[in-house]
Amino acid sequence: MQKTKCRAFLWLELDVTIQVQAGSPALEAGVLVGDKLVQTDSIKDMSTLQKQVLSAASSGGNIQLDFYRVNDTGPHIYSTRLFPRAFAGKGLTGFRIIAAESS
């Protein structure tokens, strides 16, 4: 996996979204396979992301997600609000990401 950094987003490691489940909050929020997570509401690592997801799900809230995305118009940052909740698939978000490996 290639390791990339994005200066505009606090030098966070980019993580690759590898699965988005049908009917999920992630799909509703516009998350795509291949998106790279770069920043969330003051979330600095995967552990904090999990805590924010659980907190938002229990309170009916949402979390801000920012993704680095490359499409036919070139690279850009895609920002969305995700409302974690139970749905027919696994988990509360409907997407799975793999953390970037550190060198």
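Numbering starts at 1 and runs along the sequence shown.
With a 4.5 Å cut-off on side-chain heavy atoms, Phe87 and Pro25 count as touching.
Nearest heavy-atom pair across Leu27 and Gly23 is CD2-N, 3.7 Å. The minimum heavy-atom distance between Gln21 and Gly89, with the atom names listed, is OE1-CA, 3.2 Å.
Taking Leu32 as the reference, Asp35, Arg69 meet the side chain to side chain contact (heavy atoms under 4.5 Å, CB included) condition, with sequence neighbours excluded. For Val70, the side chain to side chain contact (heavy atoms under 4.5 Å, CB included) partners two or more places apart in sequence, or in a different chain, are Tyr68, Pro75.
Within the model, atoms OG1 of Thr93 and CG of Leu49 stand 8.0 Å from one another, a figure rounded to the nearest 0.5 Å. Separation of atoms OG1 (Thr80) and OH (Tyr78) is listed at 4.0 Å; rounding is to 0.5 Å. In this structure, NZ on Lys90 lies 8.0 Å from CD on Gln19, to the nearest 0.5 angstrom. In this structure, CG on Asn62 lies 10.5 Å from CD on Gln52, to the nearest 0.5 angstrom. If you take CG on Leu65 and CG on Leu82, they are separated by 5.5 Å, rounding to the nearest 0.5 Å.
Under the 3.5 Å distance criterion, the side-chain polar atoms of Ser55 are left unmatched by any main-chain donor or acceptor of Lys51.
Residue Arg96 qualifies as open at atom CZ: its count of foreign heavy atoms under 6.0 Å is 12 or below.
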